[in-house]
Amino acid sequence: MSKDLNFESWGRYPRVSHIGELTPASISSVSESVASVDASILPRGLGRSYGDSCLNDGGYLLSSISLDRFHGFDPLTGILRCESGVSLDEILKVFVPKGWFLPVTPGTKFVTVGGAIANDVHGKNHHKVGSFGNHVKAFELERSDGTRMVCSEDSNPDWFRATVGGLGLTGIILWAEIYLKAVKGPFIDMESLKFESLDEFYQITGESEADFEYTVSWLDCFSVRDGVRGIFMRGNHSDRVEVKRSKAVHSSPGSLTFPFDAPSFLLSPPTIKAFNYLYYSKQRDKVSISSVHYDPFFYPLDKVNNWNRMYGKRGFLQWQCVVPLLDEGKAISSIIEKINRSGQWSFLVVLKEFGEVVPKGMLSFPMPGITLALDFPNVGESLFSLLDELDTIVVEAGGRLYPAKDARMSSSTFMSSFSHYEDFLEYIDPRFSSSFIRRVGGGNV
Ligand SMILES: Cc1cc2nc3c(=O)[nH]c(=O)nc-3n(C[C@H](O)[C@H](O)[C@H](O)COP(=O)(O)OP(=O)(O)OC[C@H]3O[C@@H](n4cnc5c(N)ncnc54)[C@H](O)[C@@H]3O)c2cc1C
């Protein structure tokens with residue numbers, strides 16, 4: 001059992017204290033670890049969730065770090081079977097050279113397969129293929145009483161639906177089978193298009209949906225008076241295979257590290273404005289076409305270890321919503337307007353259109369519409385009241401917030417936007433809990 005009791009989430013807010021961390025050495029010792037303690041337990045992957053969904057204040061974390069074995073791969077179907085603590089980083093390192101890629105990947109590769117299922121993570125190809133759970137064939141779930149069950153759409157399908165996007169509350173996933181995707185090589189044919197308004201963004205995203213597997217936009221809401229501008233990135237896996245002349249490679253943890261808790265001036269409005277200006281101006285032409293390695297395309301932030309320390313000791317809050325597009329983008333415009341007027345600043349703003357593929361999980365976050373994500377330095381009360389106002393816009397527009405990124409939404413916001421929560425309750429393991437679910441779960445947990 002680990003003695004470091006102050007585990008952080010990626011946003012480093014909230015600060016909570018655990019009794020300890022259980023680290024079973026293998027799948028066969030999970031039940032013994034769970035039985036060895038009395039207090040509540042929460043599975044933990046690599047702690048890349050931003051808020052408190054990977055924290056369990058006053059209880060234990062159950063680490064999947066040693067559940068790291070590959071069990072087998074079928075090159076005819078692309079089905080990989082591995083333990084839940086295997087990271088997407090490890091899968092890429094082993095399988096890209098063999099011509100296989102992840103079916104869905106979030107913006108960091110340092111997440112585990114268990115974490116990717118439990119948050120039903122999405123990526124830049126959501127508009128084409130849905131979220132991670134859409135590519136999971138099966139997994140084995142272990143409950144705190146030692147019961148084990150294989151779950152798929154045919155076998156224990158209700159448990160499958162509860163566990164995909166189930167925030168680690170239904171039990172611990174021991175192993176999973178996922179469908180990998182065949183690719184020719186490690187490169188992406190990429191186009192970057194500058195846009196100067198939200199209308200232009202909507203036009204480009206509409207035009208890109210059919211022909212581009214990956215789309216995402218970086219947004220600058222802070223340098224243009226009463227407006228936005230940004231860069232729309234879209235791409236497809238390339239037929240290019242040679243790697244000799246390419247400088248880009250799969251980046252490993254440890255190559256660059258953010259060395260200290262930064263002082264607050266580092267992310268002050270002038271520096272963010274200057275960064276946005278430089279980033280937007282770096283691309284001279286309206287359209288730029290290139291062939292890039294998958295690593296900088298999908299994981300630009302992974303280059304710097306602990307970049308979250310850039311926000312200083314108080315940490316930061318990520319806020320990510322999705323809203324249906326039925327209102328012609330009015331909700332997204334009002335959210336951006338409100339942020340602009342508030343005087344709060346976000347270093348990174350990302351905008352993307354989600355597609356129609358129906359997610360598998362009862363509590364899955366994605367729905368058809370536009371998703372907007374922002375990182376805010378934690379400046380306290382003024383930020384929290386702004387975010388409450390943004391939540392109201394989201395709920396009124398029929399949208400929801402992403403639990404993997406959340407540290408403060410109210411119980412009523414959660415309940416009113418996750419309509420299957422009542423059904424989900426019966427699948428929660430009586431010994432499993434999290435800081436997040438105790439905060440938003442309405443006293444039922
Ligand atoms: C830079 C960055 C970019 C990101 N980009 C995206 C993105 O584009 N899209 C997106 O969807 N997310 C994104 N995320 C969020 C991240 O993908 C998710 O939070 C992911 O679930 C983290 O996985 P993890 O292994 O670190 O799990 P943790 O954060 O440790 O845990 C996440 C949840 O999974 C549960 N869990 C973990 N292991 C198991 C298991 N074996 N069995 C059952 N439950 C388990 C935990 O209890 C917890 O509820 C990003 C995060 C970062 C830091």
Side-chain angles (χ1 to χ4, degrees), residues 7-12 21 24 27 30 40-56 59-68 82-90 102 104-126 130-133 139-143 151 159 162-176 214 216 298-308 310 316 318 320 322 348 350 352 354 359 361 363-366 371 373 375 402-406 428-429 432-437:
F7 293 91
E8 290 179 339
S9 63
W10 193 248
R12 307 178 78 200
E21 184 186 41
I27 282 180
V30 167
S40 73
I41 288 165
L42 180 72
R44 166 107 167 174
L46 286 170
R48 274 345 194 250
S49 301
Y50 283 75
D52 55 1
S53 66
C54 62
L55 301 174
N56 186 22
Y60 287 90
L61 295 171
L62 176 60
S63 171
S64 66
I65 199 86
S66 302
L67 311 186
D68 59 354
C82 64
E83 295 181 359
S84 63
V86 168
S87 69
L88 302 190
D89 175 51
E90 284 152 345
L102 295 163
V104 164
T105 176
T108 172
K109 57 188 181 295
F110 302 123
V111 311
T112 61
V113 166
I117 296 173
N119 273 325
D120 194 10
V121 300
H122 57 270
K124 295 180 172 65
N125 56 355
H126 185 275
S131 45
F132 200 85
F139 52 77
E140 187 170 20
L141 185 70
E142 179 162 333
R143 303 272 290 172
C151 308
W159 287 94
T163 303
V164 170
L167 302 166
L169 297 168
T170 62
I172 178 163
I173 300 162
L174 300 175
W175 55 261
Y214 301 108
V216 73
F298 289 107
Y299 313 116
L301 294 169
D302 282 352
K303 275 212 171 113
V304 185
N305 286 335
N306 302 332
W307 62 260
N308 52 348
M310 181 171 83
F316 67 108
Q318 177 151 119
Q320 181 171 0
V322 55
L348 198 61
V350 174
K352 152 134 195 90
F354 278 163
L363 299 186
S364 289
F365 164 68
T371 183
D375 284 351
Y402 192 8
K405 309 280 181 85
D406 180 66
I428 298 181
D429 188 297
F432 281 40
S433 187
S434 69
S435 299
F436 174 83
I437 206 66

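Predicted model, so just to flag it, every value in this text is computed and none were measured. Just follow the structure's listing: the first ligand is 1, and inside any ligand the first atom is 1.
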> For atom 49 (O) of ligand 1, which protein heavy atom lies nearest, and how many Å away is it?
Replying inline: Leu167 O, 2.9 Å
> Should Tyr214 and Phe298 be marked as a ring-ring contact (aromatic ring centres under 6.0 Å, His included) after you check the CA-CA gap, both sets of side-chain angles, and the distance that decides it?
Replying inline: CA-CA 10 Å; Tyr214 301 108; Phe298 289 107; 4.8 Å; yes
> Which is closest to atom 4 (C) of ligand 1 in terms of heavy atoms, Gly107, Gly45, Gly85, Ala404?
Replying inline: Gly107
> Under 4.0 Å from any heavy atom of Ile172, which atoms of ligand 1 are there?
Replying inline: 41 (N), 42 (N)
> What pair of heavy atoms forms the shortest contact from Thr105 to Tyr299, and how long is it?
Replying inline: OG1-OH, 2.7 Å
> Can you tell which part of Leu42 has a heavy atom less than 4.0 Å from ligand 1: side chain, backbone, both or neither?
Replying inline: side chain
>> Please list the nearest protein heavy atom to atom 9 (N) of ligand 1 with its residue and the distance rounded to 0.1 Å.
In response: His122 O, 2.8 Å
> Quick one: nearest non-hydrogen protein atom to atom 44 (N) of ligand 1, plus distance?
Replying inline: Gly168 CA, 3.3 Å
>> With a 3.5 Å distance limit and no angle check, can you tell me whether Asp120 reaches the backbone of Phe132 through a side-chain donor-acceptor pair?
In response: yes
> Would you say Trp307 contacts ligand 1, with heavy atoms under 4.0 Å as the rule?
Replying inline: yes
>> Looking at non-hydrogen atoms alone, which of Phe7, Tyr50, Trp10 comes nearest to atom 51 (C) of ligand 1?
In response: Tyr50
> Got a donor-acceptor contact below 3.5 angstrom from the Arg12 side chain to the Phe316 backbone?
Replying inline: no
> Under a 4.0 Å heavy-atom limit, does Asn119 contact ligand 1 with its side chain, its backbone, both, or neither?
Replying inline: side chain
>> Tell me whether Thr112 contacts the main-chain N or O of Gly85 through its side chain, where contact means a donor paired with an acceptor under 3.5 Å.
In response: no
>> Just to be sure I'm reading this right: ignoring hydrogens, which of Ala118, Ser49, Pro43 gets closest to atom 34 (O) of ligand 1? Compare them by their nearest heavy atoms.
In response: Ala118
> Taking C-beta and beyond as the side chain, do Val164 and Pro359 meet within less than 4.5 Å on heavy atoms?
Replying inline: no
>> Judged on heavy-atom distance to atom 40 (C) of ligand 1, which of Thr163, Asp375, Ile173, Leu62 sits nearest?
In response: Ile173
>> Please list, in number order, the atoms of ligand 1 under 4.0 Å from a heavy atom of Ser84.
In response: 41 (N)
>> Main chain of Phe110, side chain of Thr108: is a donor-acceptor contact present, judged purely on distance under 3.5 Å?
In response: yes
> Does the side chain of Phe139 reach to within under 4.5 Å of the side chain of Trp159, using non-hydrogen atoms?
Replying inline: no
> Counting N and O atoms only, with roles assigned by atom type, does the side chain of Ser64 sit under 3.5 Å from a partner on the main chain of Arg44, one being a donor and the other an acceptor?
Replying inline: yes
>> Please list the nearest protein heavy atom to atom 26 (O) of ligand 1 with its residue and the distance rounded to 0.1 Å.
In response: Arg48 N, 2.8 Å
> Under 4.0 Å from any heavy atom of Val111, which atoms of ligand 1 are there?
Replying inline: 17 (O), 22 (C), 23 (O), 25 (O)
> Is the backbone of Ser87 close enough, under 3.5 Å, to the side chain of Lys109 for a donor and an acceptor to pair up by distance?
Replying inline: no
> Out of Cys54, Ser53, Gly166, whose heavy atom sits nearest atom 31 (O) of ligand 1?
Replying inline: Cys54
> Does Phe365 approach ligand 1 within less than 4.0 angstrom via side chain, backbone, both or neither, non-hydrogen atoms only?
Replying inline: neither
> Phe132 near ligand 1, heavy-atom distance under 4.0 Å?
Replying inline: no
> What's the shortest distance from atom 11 (O) of ligand 1 to any protein heavy atom, and which residue and atom give it?
Replying inline: Tyr402 OH, 2.7 Å
>> Using a 4.0 Å cut-off to any heavy atom of Val121, which atoms of ligand 1 qualify?
In response: 10 (C), 11 (O), 17 (O), 18 (C), 20 (C), 21 (O)
>> Determine whether a donor-acceptor pair (N or O, by modelled atom type, separation under 3.5 Å) exists between the side chain of Asn308 and the backbone of Trp10.
In response: yes
>> Tell me the nearest of Ser63, Gly115, Gly47 to atom 38 (N) of ligand 1, using heavy-atom distances.
In response: Gly115
>> How far is atom 13 (C) of ligand 1 from the closest protein heavy atom, and which atom is that?
In response: Pro106 CB, 3.6 Å
> Mind checking whether Leu46 has an N or O less than 3.5 Å away from an N or O of ligand 1?
Replying inline: yes
> Is there a heavy atom of Lys405 sitting under 4.0 angstrom from any atom of ligand 1?
Replying inline: yes
> Ignoring hydrogens and geometry, is there a side-chain-to-backbone donor-acceptor pair from Thr371 to Val322 under 3.5 Å?
Replying inline: no
> Going by heavy atoms, is Gly171 under 4.0 Å from ligand 1?
Replying inline: yes
> Can a donor-acceptor pair be found between the side chains of Asn119 and Ser53 at a distance below 3.5 Å?
Replying inline: no
>> Any side-chain to backbone donor/acceptor pair from Thr163 onto Gly166? Under 3.5 Å, distance only.
In response: no
